[in-house]
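So the structure is just underneath, and the comments pick up after that.
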Number of protein chains: 2
Amino acid sequence: MEKKGMKTYSLDEVTDKYIGKKGTPKRDEFENELRLDLIGNAIKQARKERNLTQAQLGELVGVQKAQISKLENHLTDARFETILKVFKALNAKINFNVELLNQNLNLS
Amino acid sequence: MEKKGMKTYSLDEVTDKYIGKKGTPKRDEFENELRLDLIGNAIKQARKERNLTQAQLGELVGVQKAQISKLENHLTDARFETILKVFKALNAKINFNVELLNQNLNLS
DNA sequence: ATAAATGTTTCTTATTTAGGAAACAATTTT
DNA sequence: AAAATTGTTTCCTAAATAAGAAACATTTAT
C-alpha cells in the first residue's frame with residue numbers, strides 16, 4: 001500500500017474538504033433535522049458565539065427580545081421569515097436539503 | 001499517473017459516497033440556501049415526484065389546497081410548523097445546517 | 001372542441017405570531 | 001449582600017397566516 005503518482009485522499013482529508021477543517025469557521029456547520037427546537041438551539045448557540053444578549057439580537061433582527069426568548073426556548077411557532085431574519089442578523093448561512101424517502105408506491 | 005496498490009477515488013466516486021448514487025432515493029437530496037422560494041420549489045418538486053395534486057397534498061398535510069399553491073409559488077410567508085408538516089406528509093426528511101460566517105469581532 | 005381535472009386567486013373569518021410595554025425571575029458583577 | 005444586567009412571562013393590541021368556500025384560469029384528457 002504505497003502511493004505513487006496519482007494523489008490519494010484519506011477519509012479525514014475528504015471530510016476536511018467537504019465539511020471544513022477543525023478550527024475554521026465553517027466547522028461550526030453541522031447537519032440537523034429541521035425542527036423548531038433544534039432551530040431554537042442553533043439560534044441560542046450562535047447568539048452566544050456572537051456574544052449578544054437577546055435584547056441586542058432582537059434589535060438587530062427587528063423583533064422584541066421576548067420573541068427571541070420564545071424562539072430559543074421553542075415556546076412558540078414562528079414565521080418562516082422571522083427565523084431567516086434571525087440567522088441573517090447573526091451573519092450566519094443556513095442551508096437545507098430534502099431527502100425523499102423510499103416509498104412503496106402502488107402502481108395500480 | 002498510474003494507480004498501484006492503494007485504492008484511489010475519483011471525485012465522482014466521492015460524490016456518490018457522500019451525496020448518494022444517481023437513481024437511488026437519496027440522490028434527490030441536495031443542499032440549498034434556506035429561503036422561502038427554494039422551499040417552495042422543493043415542495044413542488046417533491047409533490048410531483050409523489051404524483052400528488054395540491055388538493056391531495058393539502059389533505060395529507062391538513063391545509064387547504066390554496067395554501068399549497070401559495071407556498072409553492074412563494075406568494076406568502078408561512079408558519080414554520082406548516083412547512084415541516086408538508087415535508088412530513090411527503091415522507092421527506094429535511095435537514096439544515098448553520099454556518100457562522102467569519103466576523104471581524106472587535107475585542108475592545 | 002369539450003369536458004374534466006388541476007391549479008390559482010379572492011372573498012370573509014378565525015387563529016396565531018409578533019409588537020409594545022411592563023412585571024417578574026434568574027444570573028452576573030461589583 | 002446589593003445592584004445591575006440578562007432572560008422569562010404576561011398583559012392587550014396589531015398584523016399576518018390559514019380556514020372555509022367559491023369563482024376563475026389553466027392544463028390535461030377524451
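Here is how names work: the chains are called A, B, and so on, in the same order as the sequence lines, proteins then strands, and each is numbered from 1.
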Using whole Å, report how far [atom1] of [X] lies from [atom2] of [N].
| X | N | atom1 | atom2 | result |
| --- | --- | --- | --- | --- |
| A/Glu59 | C/dG20 | CD | C1' | 14 Å |
| B/His74 | D/dT17 | NE2 | C1' | 17 Å |
| B/Ile83 | C/dT16 | CD1 | C1' | 16 Å |

Salt bridge (Lys or Arg N to Asp or Glu O under 4.0 Å) partners of A/Asp37, counting only residues at least two apart: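 For A/Asp37 the salt bridge (Lys or Arg N to Asp or Glu O under 4.0 Å) partners, ignoring immediate neighbours, are A/Arg35.
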Please determine which of A/Glu72, A/Gln67, A/Lys44, A/Lys65 meets the side chain to side chain donor-acceptor pair (under 3.5 Å) test together with A/Gln54.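 Among A/Glu72, A/Gln67, A/Lys44, A/Lys65, the one that satisfies the side chain to side chain donor-acceptor pair (under 3.5 Å) with A/Gln54 is A/Glu72.
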For nucleotides 14-16 of chain D, give me every protein contact, N/O to N/O, under 3.5 Å, one pair per line with atom names.
unit_1	atom_1	unit_2	atom_2	d
D/dA16	O4'	A/Arg79	NH2	3.3

Nucleotide of D/dA18, D/dA21, C/dG19 approaching A/Gln64 most closely (side-chain heavy atoms):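 It is C/dG19.
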Do you see a donor-acceptor pair shorter than 3.5 Å between the side chains of B/Asn97 and B/Glu31?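 On atom types as modelled, these side chains qualify, holding a pair under 3.5 Å.
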As an exercise, state the distance from [atom1] of [X] to [atom2] of [Y], rounded to the nearest 0.5 Å.
| X | Y | atom1 | atom2 | result |
| --- | --- | --- | --- | --- |
| A/Lys70 | A/Asp77 | NZ | CG | 12.5 Å |
| A/Leu52 | A/Leu57 | CG | CG | 6.0 Å |
| A/Ile43 | A/Asn73 | CD1 | CG | 10.5 Å |

Taking the side chain as everything from C-beta on, heavy atoms only, tell me whether B/Lys93 gets closer than 4.5 Å to A/Leu101.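 They are in contact (side-chain heavy atoms under 4.5 Å apart), so the answer is yes.
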Protein proximity profile, nucleotides 5-12 of chain C - base contact B, sugar-phosphate-only contact S, no contact -, cut-off 4.0 Å on heavy atoms: -SBBBB--
